[in-house]
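This one's a predicted model, so the numbers in the text were calculated from it and none came from an experiment.
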Amino acid sequence: MNNYKITGVYSAAATPLNADGSPDLAIFTEHCQRLIEEGCHGVALLGTTGEANSFSLTERRTILEAALEAGISADKLLPGTGVVAIPETVELTKHALSLGVSRVVMLPPSYYKGVSDEGLFAAYAQILEKIGDSRLQVILYHIPQVSGVPLSISLISRLVEAFPETVVGIKDSAGDFNNMQAIVAACPGFSVLCGADPLLLPLLKAGGAGCVTATSNLVADSLRTVYDNVHDATRSVEVETAQARINAFRTLSNSYVQIPTIKAMIGLKTGNVGWRRTRPPLVPLNDAEYAALADGYAKLP
């Protein structure tokens, strides 16, 4: 695919919790293994869907270590390492590299809003220079509706020009297909990965590299069908059917607050009601919401 360094279907994996609110490492690693078995090329752990910013640095390190100890290959993991403080982003990224994990997803520092492209470039440049490891491959993370800090195309282009072997892709979760198309056009060879499941098919047709999505926690097989067969005219009906199934799951997951809903749907899929747990400030669906969700889930294709 246009010599992109990162391509494929990656799951923005949710993180199960024990009753005391700590990460349930056994269920998490089981979930990661299942995602790969169902068709994901890899697992993007410790992102927005994974409630990463509600975990401490120690917890984040422990979760990544558990995935590796469970036998998941380092080259199939895309941990989120971008946090507010530059030294902590450096620390988390170096920790991943020390374990052989060379690909990371990196949010910009996001506490201060309205910052300039110059400031964001300086932040990313400091991070990459302090790490100083030629193995590192960074996927930028554009999710301004949550972070409040958008990554402009001019900033992306500048980072790619300055760090061509390191800044290799972007997860665009803003949901603006025109923006994704513009990045593809502006940065040849740069991996544009959509964060919204309904956009996988059109993005692949427009030259995108794949996806990192929440609904892949539930329908990885359908996402893989779309990815593998998008350019095969003889399988167009199969691809469209798979994309329609993906969209149906995504629509249901958006019925309530998305992360608690995705987790509840994983629980419905696996039969493990412990998946309903979230870490504050997120709260689980209430009983009425859960009952309605379960009814809707039973009707999905």
Would you confirm whether [X], through its side chain, and [Y], through its main-chain N or O, come within 3.5 Å as a donor-acceptor pair?
X: Asn18; Y: Gly21; answer: no
X: Thr7; Y: Tyr4; answer: no
X: Asn217; Y: Ala214; answer: yes
X: Arg277; Y: Leu17; answer: yes
X: Gln126; Y: Ala123; answer: no

Fellow cluster residues of [X], listed by chain then number, with links counted only when side-chain atoms sit under 4.5 Å apart:
X: Leu92; result: Leu57, Val83
X: Leu78; result: Ile6, Tyr10, Val105, Leu107, Ile139, Tyr141, Ile143, Val146, Val168, Leu193, Val212
X: Leu282; result: Ile259

When you compare the side chain of [Y] with that of [X], does any pair of heavy atoms fall below 4.5 Å?
X: Pro260; Y: Val283; result: no
X: Pro87; Y: Val90; result: no
X: Thr49; Y: Thr15; result: no
X: Glu240; Y: Arg235; result: no
X: Gln243; Y: Leu200; result: yes
X: Arg60; Y: Asn53; result: yes
X: Val84; Y: Ser110; result: yes
X: Ile153; Y: Ser157; result: yes

Point-to-point distance, once rounded to the nearest 0.5 Å, from [atom1] of [X] to [atom2] of [Y]:
X: Glu165; Y: Leu128; atom1: CD; atom2: CG; value: 13.0 Å
X: Ile246; Y: Thr251; atom1: CD1; atom2: OG1; value: 11.5 Å
X: Ile63; Y: Thr29; atom1: CD1; atom2: OG1; value: 11.0 Å
X: Cys187; Y: Leu159; atom1: SG; atom2: CG; value: 9.5 Å
X: Asn229; Y: Ser236; atom1: CG; atom2: OG; value: 10.0 Å
X: Asp228; Y: Leu223; atom1: CG; atom2: CG; value: 11.0 Å

Might you point out which heavy atoms bring [X] and [Y] nearest each other, and give the distance in Å?
X: Ala294; Y: Leu268; answer: CA-CD1, 3.8 Å
X: Pro202; Y: Pro198; answer: CD-O, 3.6 Å
X: Ala13; Y: Val43; answer: CB-CG1, 3.6 Å
X: Leu35; Y: Ser216; answer: CD2-O, 3.4 Å
X: Ser54; Y: Pro280; answer: OG-O, 4.1 Å
X: Ala14; Y: Pro16; answer: O-CD, 3.7 Å

Check the hydrophobic clustering (I, L, V, M, F, W, Y; side-chain heavy atoms under 4.5 Å; chains of links allowed) and say if [X] and [Y] are grouped together.
X: Leu136; Y: Leu45; answer: no
X: Met180; Y: Leu155; answer: yes
X: Ile170; Y: Met106; answer: yes
X: Leu285; Y: Ile266; answer: yes
X: Val257; Y: Ile262; answer: no

Query - side chain to side chain contact (heavy atoms under 4.5 Å, CB included) evaluation trace for Thr93 with Val138 - result: CA-CA 10 Å; Thr93 307; Val138 171; 5.9 Å; no
Query raised in the report: Does a donor on one side chain and an acceptor on the other come within less than 3.5 Å for Thr270 and Asn272?
Result: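 On atom types as modelled, these side chains do not qualify, holding no pair under 3.5 Å.
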Query raised in the report: If you measure only the distance, is there a donor-acceptor pair under 3.5 Å linking the side chains of Ser154 and Asp117?
Result: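 Distance-only check passes for Ser154 and Asp117.
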Of all pairs that satisfy salt bridge (Lys or Arg N to Asp or Glu O under 4.0 Å), the ones with a partner from [range], not counting sequence neighbours:
range: residues 125-138; result: Asp133-Arg135
range: residues 258-273; result: Glu38-Lys269, Glu51-Lys263
range: residues 84-93; result: Arg61-Glu91
range: residues 169-190; result: none

Report task. Apply the test side chain to side chain contact (heavy atoms under 4.5 Å, CB included) to residues Leu293 and Met265: give CA-CA distance (whole Å), side-chain angles for both, the deciding distance (0.1 Å), then the verdict. Result -> CA-CA 8 Å; Leu293 180 73; Met265 291 172 73; 3.9 Å; yes
Query raised in the report: Among all residues two or more places apart in sequence or in another chain, which pass the salt bridge (charged side-chain N to carboxylate O under 4.0 Å, His left out) test with Asp75?
Result: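 Checked Asp75 against salt bridge (charged side-chain N to carboxylate O under 4.0 Å, His left out); zero matches.
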Query - By salt bridge (charged side-chain N to carboxylate O under 4.0 Å, His left out) - contacts of Asp232 (at least two apart) - result: none
Query - Check against side chain to side chain contact (heavy atoms under 4.5 Å, CB included), Thr261 and Asn254 - result: CA-CA 7 Å; Thr261 306; Asn254 288 339; over 6 Å; no
Under 3.5 Å, sequence neighbours excluded: what are the donor-acceptor pairs made by side chains of residues 94-104?
residue: His95; atom: NE2; partner: Glu65; partner atom: OE2; Å: 2.7
residue: Ser98; atom: OG; partner: His95; partner atom: O; Å: 2.6
residue: Arg103; atom: NE; partner: Gln137; partner atom: OE1; Å: 3.1
residue: Arg103; atom: NH2; partner: Lys5; partner atom: O; Å: 3.0

Report task. Scan residues 19-63 for pairs that pass ring pair (Phe, Tyr, Trp, His ring centres under 6.0 Å), counting only residues two or more places apart or in two chains. Result -> His31-Trp275, His41-Tyr227
Query raised in the report: Which pairs with one or both residues in residues 148-202 pass ring pair (Phe, Tyr, Trp, His ring centres under 6.0 Å), sequence neighbours excluded?
Result: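 Applying ring pair (Phe, Tyr, Trp, His ring centres under 6.0 Å) to every pair that reaches into residues 148-202, excluding sequence neighbours, yields nothing.
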Query raised in the report: Any ion pair linking Asp197 and Arg245 (charged N to carboxylate O, less than 4.0 Å)?
Result: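 Asp197 and Arg245: not salt-bridged.
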Query raised in the report: Can we say Glu161 and Arg158 salt-bridge, meaning some charged N sits less than 4.0 Å from an Asp/Glu carboxylate O?
Result: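 No, no charged N to carboxylate O under 4.0 Å.
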